[in-house]
Amino acid sequence: MDNFTVGFALCGSFCTFERAIEQIKNFKSRGADVIPIMSYNAFSTDTRFGKASEHIKKVEELCGRKIIASLADAEPIGPKKLLDILVIEPCTGNTIAKLAAGITDTPVTLAAKAHLRNEKPLLIAVSTNDALSAAASNIGRLLNCKHIYFVPMRQDDSVKKPRSVVADFSKTYEAALSALDGKQIQPIYL
């Protein structure tokens, strides 16, 4: 990842933030320049998984720069060709639905639109409780889109949350390398 610029966007699946931040560390340790991005909810919501200000501080210190958290700051990603790859991790069902419908009203979805105009890879790490119900058609639509790739995903608790799917964040780096090469590694596994 030396000389690669990775956009790393976090959406509001707060229970996965620590695992996602580990992947930011992974990219940084491999020489990538990481530009952090957060959805409005990820940037402003305190939860039982931590305060927004704590997450922001941790991510900004790790990346050595401010988080892109507004539409105005996300828009230049495309025209300035800022990224080699954009990773959305975690990517919620809400963000997946917006991407599938072409809605760009958050910093993350506008960053994705701006980045895709350059025909460079967008890597999605699904984390949603409705992946095998309401979000399934949107995931299917995005699986079929050029320049959109997925981190391998699976059910995370088939008994207590039978429609929930989460990406295996430990495979993010491998999936990113493949996406940069125009290839999708196995997106769904048991």
Side-chain angles (χ1 to χ4, degrees), residues 1 4-27 32-43 45 55-56 59 62-63 67-71 73-75 77-78 82-131 135 138-153 165-180 184-185 187-188:
M1 280 284 164
F4 279 98
T5 302
V6 176
F8 201 101
L10 294 99
C11 298
S13 178
F14 303 100
C15 63
T16 63
F17 271 24
E18 287 307 314
R19 285 182 283 160
I21 291 169
E22 284 303 312
Q23 295 314 306
I24 294 173
K25 288 179 188 173
N26 190 20
F27 280 109
D33 182 21
V34 179
I35 296 177
I37 305 161
M38 281 186 162
S39 69
Y40 293 129
N41 287 333
F43 193 76
T45 305
H55 296 303
I56 291 164
V59 169
L62 228 136
C63 297
I67 292 169
I68 292 174
S70 72
L71 295 176
D73 290 338
E75 187 274 332
I77 287 172
L82 296 180
L83 310 175
D84 294 299
I85 186 169
L86 173 58
V87 178
I88 304 177
E89 181 172 297
C91 190
T92 61
N94 187 56
T95 296
I96 290 165
K98 288 180 179 206
L99 291 170
I103 298 169
T104 57
D105 62 352
T106 74
V108 173
T109 56
L110 184 56
K113 174 188 175 183
H115 174 68
L116 285 169
R117 76 182 254 180
N118 297 320
E119 298 196 351
K120 293 190 177 182
L122 169 64
L123 180 63
I124 295 172
V126 172
S127 183
T128 180
N129 289 327
D130 69 347
N138 295 321
I139 291 169
R141 187 172 295 121
L142 293 176
L143 279 165
N144 196 40
C145 290
K146 189 174 184 179
H147 307 298
I148 296 180
Y149 302 88
F150 282 80
V151 175
M153 60 186 136
V165 166
V166 68
D168 181 348
F169 290 10
S170 72
K171 296 192 182 297
T172 303
Y173 183 76
E174 177 188 359
L177 288 178
S178 289
L180 283 163
Q184 170 69 59
I185 61 176
I188 301 168

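Atom set for the values below is all heavy atoms of this structure, side chains included, hydrogens, waters and symmetry mates excluded.
Environment of NZ in K98: crowded, with over 12 heavy atoms of neighbouring residues, nucleotides or ligands closer than 6.0 Å. The local environment of CG in N144 is sparse, with at most 12 non-hydrogen atoms from other residues, nucleotides or ligands closer than 6.0 Å.
Between the CG atom of L99 and the CG atom of L116 there is a distance of 8.0 Å, given to the nearest 0.5 Å. Going from atom OH of Y149 over to atom CG of L122 covers 10.0 Å, rounded to the nearest 0.5 Å. Note that CD1 of I35 and CG of D73 are 11.5 Å apart. Values are rounded to the nearest 0.5 Å. Between the CZ atom of R117 and the CD1 atom of I77 there is a distance of 11.5 Å, given to the nearest 0.5 Å. Rounding to the nearest 0.5 Å gives a distance of 15.0 Å between OH of Y173 and NZ of K171. Taken to the nearest 0.5 Å, the CG atom of L83 stands 8.5 Å off from the CG atom of N118.
The two atoms that bring Q23 and E89 nearest to each other are CG-OE2, 3.2 Å, heavy atoms only. Across C11 and F17, no two heavy atoms sit closer than the pair O-CE1, 3.0 Å. Smallest separation of non-hydrogen atoms from A135 and G93: CB-CA, 4.5 Å. Closest approach of P107 and S39 over heavy atoms only: CD-CA, 4.4 Å. Of all non-hydrogen atoms in F150 and P187, the two that sit nearest each other are CB-CB, 4.3 Å. The shortest heavy-atom contact between A114 and A74 is CB-O, 4.1 Å.
For E22 and K25, the salt-bridge test passes: some basic side-chain N is under 4.0 Å from an acidic carboxylate O.
Proximity of a side-chain donor or acceptor of S178 to a complementary backbone N or O of A175 within less than 3.5 Å is not detected. In this structure a side-chain-to-backbone donor-acceptor pair under 3.5 Å is missing from T16 to R19. Remark: side-chain polar atoms of T95 are not paired, donor with acceptor, to backbone N or O of T92 under 3.5 angstrom. For the pair D84 (side chain) and V6 (backbone), a donor-acceptor distance under 3.5 Å is absent.
Under the side chain to side chain contact (heavy atoms under 4.5 Å, CB included) test applied with I37, the options V59, L10, L86 reduce to a single match, L86. A side chain to side chain contact (heavy atoms under 4.5 Å, CB included) with M153 holds for exactly one of T128, V166, V126; it is V126.
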Using side-chain contact (heavy atoms from CB on, under 4.5 Å), reason through I56 and M38 one step at a time and then give a plain yes or no. CA-CA 9 Å; I56 291 164; M38 281 186 162; 4.1 Å; yes
Practice item. Please assess N138 against R141 for the test side-chain contact (heavy atoms from CB on, under 4.5 Å), listing each intermediate value before the final yes or no. Key: CA-CA 5 Å; N138 295 321; R141 187 172 295 121; 3.1 Å; yes
_For a side-chain contact (heavy atoms from CB on, under 4.5 Å) check, start with the C-alpha distance between V165 and I139, then their side-chain angles and the critical distance, and finish with the verdict._
CA-CA 11 Å; V165 166; I139 291 169; 5.9 Å; no
>> What verdict does the side-chain contact (heavy atoms from CB on, under 4.5 Å) test give for N94 and N41, after you've listed the backbone C-alpha separation in whole Å, the side-chain angles of each residue and the deciding distance to 0.1 Å?
In response: CA-CA 11 Å; N94 187 56; N41 287 333; 5.6 Å; no
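With contacts defined as side-chain heavy-atom distances shorter than 4.5 Å, the pair I85/L123 qualifies. The closest side-chain heavy-atom distance from K113 to E75 is not below 4.5 Å. Contact annotation: the side chain of L62 never approaches that of V34 to less than 4.5 Å [non-hydrogen atoms, C-beta and beyond].
With ring centers used as reference points, Y40 lies 6.0 Å or more from F43.
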